Amino acid sequence: MVSSLTQPQSRSILVPRDFANEPDIQQLALIRHTCAHIMAMAVQKLYPGTKVAILFQRGFANGPVTETGFFYDFDSPVTFTRDNFAKIVKEMRRIIKANLPIVREVVSKQDIQAEIADLGEPYKLEILDSIPDGEIITRYFIGSPDTGKSTKSNVEVDPSLLAPIIIPPQSWWDLCAEPHLNSTGEIDPNSFALESLAGAYWRGDETKPMLQRIYGTAWETPAQLEAYLTQKEEALKRDHRKLGRELKLFSIQEDAGGGLVFWHPRGAKIRYIIEDYWRKAHLDSGYELLYTPHIANLDLWKTSGHFDFYQESMFDSMDVDEKAYQIKPMNCPFHVLTYKHELHSYRELPLRWAELGTVYRYERSGALHGLMRVRGFTQDDAHVFCLPEQIASEILRVLNLTEQILSDFGFNDYEINLSTRPEKSVGADEVWELATSALIEALDAKGWNYTIDEGGGAFYGPKIDLKIKDAIGRLWQCSTIQVDFNLPERFEMEYVAADNTRKRPIMIHRAIFGSLERFFGILIENYAGNFPLWLAPIQVRLLPVTEEVRDYCDRVITTLKQAGFRVELDHSHERLGKMIRTAELEKIPVVAVIGMKEMETQTFSIRTRKGGDLGLLNLVDLQQKMQQVIQDKSSL
RNA sequence: GCCGAUGUGGCUCAGUGGUAGAGUAGUUGAUUCGUAAUCAAUUGGUCGCGAGUUCAAAUCUCGCCAUCGGCUCCA
C-alpha cells in the first residue's frame with residue numbers, strides 16, 4: 001500500500017529474440033497448448049492413478065501456455081523427478097508420431113459430470129463446477145473418441161508406432177475451452193522438451209493442496225528450440241549470482257542470514273560510482289538529498305497504516321526504553337516527518353526530496369533470490385510534495401530523469417504500464433481524475449507508449465511502472481512512480497495556500513532503480529559482467545613483461561591514478577600469457593602490456609577485452625581515449 | 001511458508017557404512033618470460049548445523065539452517 005516503491009517481481013521473462021524465422025505467436029500457442037495435453041495424456045498413461053489438475057488461472061489466461069512453453073499440474077502417487085522426463089518425452093513422441101486427431105466436443109454439464117465422477121478426477125469435477133451455468137462446455141479428445149484410431153490424414157504413420165498408444169479408453173480427453181491443433185502430428189517431435197518440475201498450489205491458493213507441475217518448452221521447429229535452449233544457456237552464464245562470486249562483487253552468507261548482501265570491494269566500487277552518479281543527477285534535476293534513521297518509534301507505522309496492513313512483511317519491533325521501535329520497511333514516513341517539521345508555503349512547492357534509503361523487509365524464505373529479492377536493500381527513493389496542478393509537470397520531470405538515468409546505464413527499451421483506480425480505494429473522485437489524467441498527460445508529452453492496467457493502481461493513487469529490456473531481451477521491472485492521496489491525509493500534512501488556508505499537498509513516490517541491490521543484479525546480467533569503462537571497478541591493469549620495468553610501471557600507475565583512473569599492477573610474476581588470461585577472466589576492460597620496448601619508447605601495448613590487441617599507444621593518447629569512452633559511458 | 005532437489009578445502013566437483021580425494025585458487029621455490037594456462041613442492045576440510053541408529057556415519061534416520069527450480073507473496 002502506502003509507499004510502495006516495491007521490490008518488483010524478481011524473475012525476468014526469458015523470450016528469445018533473433019530467430020531466423022520469427023515464430024508465429026498464434027501457431028505457437030496452439031502447439032504449446034496441444035503439447036500440454038499430450039504431456040498430460042502421456043503422464044496419465046505411464047503413471048496410472050495420476051489425476052490431472054489444470055485450469056485457467058490468473059496470469060495464464062490462455063490456459064497452460066507460458067511465454068516459452070507449457071505446463072500441466074498433476075496429483076500423482078508417484079513423485080516425479082527429472083529421471084521420469086525421458087520416459088514421458090518418449091511417450092509424447094509416440095503420441096505425436098501416431099498423428100492422433102484432436103476432436104472438440106460440446107458436452108452437457110450433467111453428462112460430463114457423471115463421466116468425470118466415474119473416472120475419479122476430483123479436480124476436473126471442481127473445474128466443471130466452477131463453470132457458470134449456461135456457458136458452453138467443451139472437451140478435447142486426443143485420439144478419436146470412438147475408435148482411438150489414427151485420423152486418416154495425409155501424414156504417413158508407421159503402424160508399429162500406433163500399438164503402444166492404445167490406452168483405455170483408447171483416447172484421452174480433458175475439459176478445455178481453448179483451440180488446439182487438429183492432430184498431434186502437426187507438432188514437430190523434435191521441437192519440444194521437458195524442462196523442470198515444481199510444486200504448485202491447486203488453484204494457485206496456498207491453503208489448497210500442493211500439486212506437481214511439469215514445465216516444458218515447445219516451438220515450431222527444432223531450430224527454434226535450439227535457439228531457445230542456447231538463449232537459456234546464455235542467461236545462465238550471465239546469472240548475477242555466479243558472476244557476483246567469480247568477479248568478487250558481492251556475497252550473501254549463511255552465517256549472516258539469507259537475503260542480506262555483502263558488497264565486496266569491487267562491487268562496492270561500482271555501487272559508489274552508481275550512487276555518486278545518482279546524487280549528481282538528482283541535484284541537477286532539482287532534488288535535495290535527505291538522510292533519515294534506520295529505526296524509529298513503531299507508532300509512526302501505525303499512523304502510516306503499514307502496521308495494520310503489512311505487519312507480516314515487517315521485521316518484529318524491538319524494545320527501546322519500554323517503547324516499541326521498528327526497523328524501517330520504507331522511507332516515506334520519514335520524509336513526511338521531515339516535511340511536517342516546519343510549516344510550508346505554497347510558494348515552496350514542489351519540494352523534491354531524495355534519499356538512498358536502506359530498508360528491511362521480511363521476505364519469506366522461499367522468496368529470496370540472489371540480489372533480486374532480498375531482506376535488506378537500499379531504495380533510490382524520492383518523494384515530491386506538490387500542488388495538484390503541478391502533478392503533470394512533476395511526473396514529466398520524473399520521466400525525463402528516469403529516461404536520462406536508465407539510458408546512461410544502457411537501457412533504452414521500455415515497457416510502460418499505467419495503473420488506474422482500483423475498486424477499493426481512498427480519495428475523492430475528482431482527485432483521482434486529476435492525477436490519472438496528469439499521468440497520461442506526462443506520458444503523452446514524453447511521447448511514450450503505454451499499456452493501461454485498468455484498476456491496477458494502489459488503493460492510494462494511480463501509478464506508472466516501467467520495465468526495462470536488457471541485452472538479451474529480458475524484461476525487468478525497476479522504476480515506479482506513484483501518486484499518493486493517503487499518506488498526506490493520515491499524517492495531516494499541510495501547506496499554506498495563497499488564500500492563507502491550510503491545504504493538503506499531493507505526494508508522489510518514485511524510484512528509478514527500484515533498489516540498488518536489484519539494479520546491480522540486473523546490470524551484472526545485462527553486461528554479462530563486462531561493465532562499461534565508467535563502471536568497471538578496475539579499468540586498467542598493467543602487465544609487466546619483465547622485472548626491469550616494474551619501477552616504470554609504478555610511476556605510470558601513479559600518473560594514471562592522479563588522472564582519476566582505476567588502475568593496478570599485476571604483481572603475480574607470471575608469464576604474460578597467464579597474466580592476460582587472468583585479466584580476461586576478471587573482465588578487466590583494458591590491459592597494458594609493458595616490456596623493455598614500451599619502457600624505452602614510453603608507450604603501452606594495449607589490449608582491450610572487446611577489441612583484442614590494439615597496438616601501441618602513448619600515455620596521452622591512452623588517457624584521452626579512455627576519457628572519451630568514460631564520458632560516452634561506453635566500452636572500448 | 002509450501003512442493004521437490006542440493007549442501008564435501010576459497011571455487012568446481014568425485015567419493016553409498018570401514019584411515020577424506022582431484023582439479024583450480026592460495027603459499028613457497030626455481031624460471032625473467034611478448035598477447036588466454038611455465039615447472040616443482042606445499043598449506044588448507046569437526047564433509048551445512050544438531051540429535052539418533054551402528055562396533056563404525058560424508059554415506060542411513062529425524063529436526064533445523066542455507067541455497068537452487070517453482071508455487072504463494074512482493075506495501
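Fair warning: this is a prediction, and the values are worked out from it, not measured in the lab. Computed from heavy atoms alone, side chains included, the values below leave out hydrogens, waters and symmetry copies.
Straight-line distance from the CZ atom of A:R541 to the P atom of B:G34: 20 Å, rounded to whole Å. One can place OH of A:Y362 at 17 Å from P of B:A75, the figure rounded to the nearest angstrom. When the C1' atom of B:A36 is taken as reference, atom CD of A:E586 falls 13 Å away, rounded to whole Å. Atom CD in A:E363 sits about 15 Å away from atom P in B:U72, given to the nearest Å. The separation between A:M596 atom CE and B:G34 atom P is 14 Å, rounded to whole Å. Spacing between atom CZ of A:R241 and atom P of B:U6 amounts to 18 Å, rounded to whole angstrom units.
Of the candidate nucleotides B:C68, B:G34, B:G1, B:G34 has the atom nearest to the side chain of A:L576. Side-chain atoms of A:S605 lie closest to B:G34 of the nucleotides B:U12, B:U72, B:G34. Nearest nucleotide to the side chain of A:L368, out of B:G69, B:U67, B:A75: B:U67. When each of B:U32, B:G34, B:G69 is scored by its nearest atom to the side-chain atoms of A:V545, the top-ranked nucleotide is B:G34. Side chain of A:P329, nearest nucleotide from B:A75, B:C68, B:U72: B:A75.
A:Y414 meets the ring-ring contact (aromatic ring centres under 6.0 Å, His included) test with A:W448; sequence neighbours excluded. A search for ring-ring contact (aromatic ring centres under 6.0 Å, His included) contacts involving A:Y47 returns A:F80, not counting sequence neighbours. By the ring-ring contact (aromatic ring centres under 6.0 Å, His included) test, A:F85 pairs with no residue at all, sequence neighbours left out. Taking the ring-ring contact (aromatic ring centres under 6.0 Å, His included) definition, one finds that A:F192 meets it with nothing, sequence neighbours left out.
Remark: the A:R364 side chain and the B:U72 base include a donor-acceptor N/O pair separated by less than 3.5 Å. A donor-acceptor contact under 3.5 angstrom links the side-chain atoms of A:R373 to the base of B:C73.
Distance noted for atom P between B:U8 and B:A14: 10 Å (whole Å). Taking the P atoms as reference points, B:A41 lies 12 Å from B:A22, given to the whole Å. Nucleotides B:U24 and B:U42 have their C1' atoms positioned 15 Å apart, rounded to a whole Å. Nucleotides B:A57 and B:G52 place their P atoms 12 Å apart, quoted to the nearest Å. With C1' as the reference atom, B:G45 and B:G26 are 15 Å apart, rounded to whole Å. The gap from the P atom of B:U31 to that of B:C39 amounts to 16 Å, rounded to the nearest Å.
Within 4.0 Å of A:A200, counting heavy atoms only, lie sugar-phosphate atoms of the nucleic acid but no base atom. No contact: A:R82 has no heavy atom under 4.0 Å from any strand. If you check every strand for non-hydrogen atoms under 4.0 Å, A:S196 touches sugar and phosphate atoms only.
Evaluation of the salt bridge (Lys or Arg N to Asp or Glu O under 4.0 Å) test over residues 609-619 of chain A, restricted to residues two or more places apart or in two chains, returns none. For residues 249-259 of chain A, the pairs satisfying side-chain hydrogen bond (donor to acceptor under 3.5 Å, both in side chains) are A:S251-A:Q253, A:S251-A:H264, with sequence neighbours left out. A salt bridge (Lys or Arg N to Asp or Glu O under 4.0 Å) check over residues 541-553 of chain A, counting only residues at least two apart or in different chains, returns the pairs A:R541-A:E568, A:R541-A:E586, A:E547-A:R550.
With RNA chain B read from its 5' end, the first of the two nearest nucleotides for A:T79 and A:I252 is the one closest to A:T79. Both A:T81 and A:M210 sit near RNA chain B, but only A:M210 has its closest nucleotide nearer the 5' end.
The partner of B:C2, taking Watson-Crick or G-U wobble pairs whose two distances both stay under 3.5 Å, is B:G70.
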Run the side chain to side chain contact (heavy atoms under 4.5 Å, CB included) test on A:I295 and A:M318 for me, step by step, so that the C-alpha distance in whole Å, both residues' side-chain angles and the decisive distance to 0.1 Å come before the verdict. CA-CA 10 Å; A:I295 63 168; A:M318 61 187 106; 4.0 Å; yes
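The minimum heavy-atom distance linking A:M507 with A:V336 is given by the pair CE-CG2, 3.6 Å. In terms of heavy atoms, A:A36 sits closest to A:Y72 at O-CD1, 3.3 Å.
Heavy atoms of other residues, nucleotides or ligands lying less than 6.0 angstrom from CG of A:D205 number more than 12.
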For each nucleotide in nucleotides 38-49 of chain B, reading 5' to 3', give B when a protein heavy atom comes within less than 4.0 Å of its base, S when such contact involves only the sugar-phosphate, and - otherwise. B-----------
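For the segment residues 256-266 of chain A, the set of residues with a heavy atom within less than 4.0 Å of an atom of RNA chain B comprises A:G258, A:G259, in numerical order.
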